[in-house]
Amino acid sequence: MSKISTKLATYFFLVVFIMEIFLMYHLHQNMLNTRVDEEFSLLLANGANHRDVLVENFTEMTIEHIVLMEKNGNREVMITNREGAVLNSSAQSTKLNEKYESLIHNLHNEEDAVIVSDWLTSPYIVSAHPYEVNDQQTGYVVMFQNTDSLNQMVDEMNRHFIISGVVILIVLLIVYFVLSKILTRPLIRMKEATEKLSKGDFNVSLPVLEKDELGELSSSIQKLANDLNHYKSERNEFLAAIAHELSTPLTYLSGYSKVAMRTELTDEERNHYLQIIGEESKRMQDLVKSLLDLSRIDETSFTVSKVYFPVRPFLETIYKLVAPSYEIKEMTLNLICEEDFQLFADPIRMEQVILNLLDNALKYSNPHSVATLHAYKKGEQTILSVTDTGIGIPADKVGYIFEKLYRVEKSRSREYGGSGIGLAVVKELVEAHGGTIEVKSVVGGGSTFQITLEES
Ligand code: ADP
């Protein structure tokens, strides 16, 4: 019995079956006792009735009448005198007198009583009703009730109980099979589905079940399969994109290194090619560094350790770090931080985030434009924003820019030198801080990246 469904159904079957036997036994005994008690009461009532009539008018005639009343029935009556001799009897044969002779002679009860009550084995149940008319005329009215009809009734009742017992057993067996099937089918499907998943086949489709534990388990497995499928295709796309990203600089590297090796080149020309090789190597280095960052974030092998630190000196340090690059491009970078409040964040990670955003603002802006780094408090929240007046992002592309390796215009990537990983890292880092990042952008008008951090 290895299937859980069979186990459950068997337990259910056994419990109901035992309950049924117990209840039926109880019912059977109850009905039987009631019926037998009824029979005893009837016999006692009849006997008492005859005795009362006899006491009222003790004559031969009355005795005759009483005997006559019980003729041809299931009951017999005998009337005895003080010596125990039978004055009259309704029994046709003398067999009854002979069989119960000693019993009749030795009656001593002073109240009406059932003196033979064993209805199961004895052919009669017997009751004795003492009468006393005067000192001379005493004795017993003895009643005999044939037990055949009682036994017949009991046999009949037993037969009914057996039939209903068998019917209930059959119904229970049907319920047992149906129940084990109903429970088994979805479980077997789920087992097959998980086996498929473990073999790496994520194309699983489980039917939607009712909202019970089994249904929830089934939809969890389905969700797991869908997620795994999604991750699988995402991983494939990601790997393809990385391969593509790496192959471009590698093509340049091998191509330009061959060109640089030509003997007929002038020093100036060779330097030019070597410079390109250097730039491409730097691009690959940056890409690999970003990929490493990303993989560390994905594995959550880093932790953000948030501390309180003053925001203004923090931002001024970053400003000084990037200002030379802005000057080279003849761009203006403004830092607005009117209130020097305490920032609750991981300073190293937050610096990485802001540097990335400032780097993008620089890359995707034209010379002589303006970029602004702004920090302020809004109630309990801290807002950090980087605004540029650069090329902007088309509305239909804004939704994708935080995805790994996504770039708005791939052809322009060489011109701007991006790898499409920066914003993915930024988003992961901001979310690791419990914060959010939003972007608003107008093509040709510029972009604003806004980070919202909660106090705790
Ligand atoms: P990249 O290394 O290409 O800059 P990011 O993940 O940082 O990668 O950015 C993804 C894409 O989003 C970029 O390729 C660029 O097209 C767009 N983008 C990011 N920042 C800006 C910005 N300030 N202005 C315009 N476009 C931007």
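Remember, it's 1-based here, ligands and their atoms both numbered in the order they're listed. Bear in mind that the values here come from a model prediction, so they are computed numbers and not experimental data.
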>> Checking side-chain polar atoms at under 3.5 Å, does D118 have a donor or acceptor matched by the opposite partner on T121?
In response: yes
>> Does either side chain, that of D148 or that of Q152, offer a donor lying less than 3.5 Å from an acceptor on the other one?
In response: no
> F402: heavy atom below 4.0 Å from ligand 1, yes or no?
Replying inline: no
> K363 heavy atoms, cut-off 4.0 Å: which ligand 1 atoms fall inside?
Replying inline: 1 (P), 2 (O), 4 (O)
> So how far is it from R312 CZ to F341 CZ, rounded to the nearest 0.5 Å?
Replying inline: 9.5 Å
> Any idea which heavy atoms bring M331 and N366 closest together, and the distance?
Replying inline: CG-O, 3.8 Å
> Are any of the heavy atoms in S447 under 4.0 Å away from ligand 1?
Replying inline: yes
> What do we get for K397 next to ligand 1 when only non-hydrogen atoms under 4.0 Å count, side chain, backbone, both or neither?
Replying inline: neither
> Any idea which part of I421 is under 4.0 Å from ligand 1, heavy-atom wise: side chain, backbone, both or neither?
Replying inline: backbone
> Which ligand 1 atoms does G392 reach within 4.0 Å, using its non-hydrogen atoms?
Replying inline: 25 (C)
> Any idea which of L423, I393, L358, V426 brings a heavy atom closest to atom 5 (P) of ligand 1?
Replying inline: L423
> Quick one: which ligand 1 atoms are inside 4.0 Å of a heavy atom on I401?
Replying inline: 10 (C), 12 (O)
> Does S447 reach the side chain of K440, with side-chain heavy atoms less than 4.5 Å apart?
Replying inline: no
> In terms of the angle between their ring planes, are Y376 and H374 parallel, tilted or perpendicular, with boundaries placed at 30° and 60°?
Replying inline: tilted
